[in-house]
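Heads up: the structure comes next, in structure tokens.
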Amino acid sequence: MAQKRVVLEQGILKSNDLLAQRVREDLRRRRILVTNLLSSPGAGKTALLEALAQHLGPQMAVIVGDVQTRRDAERLERHGIQAVQIVTGGTCHLEARMVLRALEKLQGTPRFLFIENVGNLVCPAGFDLGEQQRWVLLSTPEGDDKPLKYPEAFLTSQVLVITKVDLLPHVPFQVEQAEAFARSLQPDLRIFRTSVITGEGIPHLLEYLEAVYRQLFAHA
Amino acid sequence: MHEASLIQALLEQVEQLARQEGAQRITRIQLRVGRFSTAVPELLQSAFGILKRGTLAEGAELQIRLEPARVQCPTCGTVYEPEDLPFLCPQCGTWGGTLLQGRDLVIEEVDLEL
């Protein structure tokens, strides 16, 4: 029987990457800035989006992934924004094909689309969803050495949002240490310190979003 | 934990290749896995052992070649393979750097039986 060796040199996630590219091009054409949010469960992704929703209102929409329930979508809808829930039914991350399906349900043209990934610092980092930027959230009750323990999410993000900084007086989290660890993996990382309780940092995040939006869509 | 999804994507690609080539079966797949690829080689092997059943790769062997990380020092420009985290330049002791290599999840070679 004849044998044949094929040198392929092809990414294992090629089909995901092609779909992600389709998402990116489609949303770019529609002038929608897409942000993929990664963090551990409980770091405050939904709370951060609620805080942004208070300022952005219907200019923003969310695709939210969870293993079960529509609870997060319902929480966000109470702020008058559109939220499409993806229930993964057990899968620990979102993939581009799930985002493509969710996009069919998205109505109108928000300026900012956030994809709230499944709470998990490992697996979601491996999948391109067609986002234009990736934010990783780290909350102060977590360890400040998390960037070193779960490097992939930090290696692939452009922005680090430190959440719950109002708790700093009560937790051992060293904010400078966490920032230095994160920058040791990603020297160009933009870092924001935020609290949805006090509102700290939220205006800076909003300014940053507007700046990225202008930069992306200035030509048209 | 997402290794099953990765292996599913791998199997779809190699089966498509085997069909294109008119192959009867796949005997070996060589995969390059980066140190910071998010995938654990042992878990890839166990997922492969289960998911290959009933596919053209049922009798195939999965060979995993580990790809070390390569980091460039932002101060002196030295490119090195870090042993651990945080990255530490062996030349000048600068902490941190840019990852140049180590995130790959790439199918390098596929052996087919025609």
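Numbered from 1 within each chain, the chains take letters A, B, ... in sequence-line order. Model, not experiment: these values are computed from the prediction.
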Is B:Pro74 in contact with chain A via its backbone, its side chain, both, or neither, using a 4.5 Å heavy-atom distance?
neither
Residues of [range] under 4.5 Å from chain A (heavy atom pairs)?
range                      : value
residues 24-32 of chain B  : B:Thr27, B:Arg28, B:Leu31, B:Arg32
residues 90-114 of chain B : B:Trp95, B:Gly96, B:Gly97, B:Thr98, B:Leu99, B:Arg103, B:Leu105, B:Val106, B:Ile107, B:Glu108, B:Glu109, B:Val110, B:Asp111, B:Leu112, B:Glu113, B:Leu114
residues 7-18 of chain B   : B:Ala9, B:Leu10, B:Gln13, B:Leu17

Quick check on the interface: out of A:Lys149, A:Arg183, A:Glu152, A:Gln186, who has the most heavy-atom pairs with chain B under 4.5 Å?
A:Glu152
Distance, nearest 0.5 Å, that separates OG of B:Ser37 from CG of A:Leu155
11.0 Å
Would you indicate whether [X], at its atom [atom1], is surrounded by more than 12 heavy atoms from other residues, nucleotides or ligands within a distance under 6.0 Å?
X        : atom1 : answer
A:Arg22  : CZ    : no
A:Arg30  : CZ    : yes
B:Gln20  : CD    : yes
A:Tyr150 : OH    : no

Which atoms of A:Ala180 come close to chain B, meaning under 4.5 Å heavy atom to heavy atom: side chain ones, backbone ones, both, or neither?
both
Where on A:Phe127 is there a heavy atom nearer than 4.5 Å to chain B: the side chain, the backbone, both, or neither?
side chain
Would you check if B:Thr38 and A:Cys123 make a side-chain contact, meaning some heavy-atom pair closer than 4.5 Å?
no
Side-chain contact test, heavy atoms from C-beta onward, threshold under 4.5 Å: evaluate it for B:Asp84 versus A:Leu148 and give yes or no.
no
With sequence neighbours excluded, what pairs up with A:Thr91 under the side-chain hydrogen bond (donor to acceptor under 3.5 Å, both in side chains) test?
none
What pair of heavy atoms forms the shortest contact from B:Phe87 to A:Ser184, and how long is it?
CD1-O, 3.5 Å
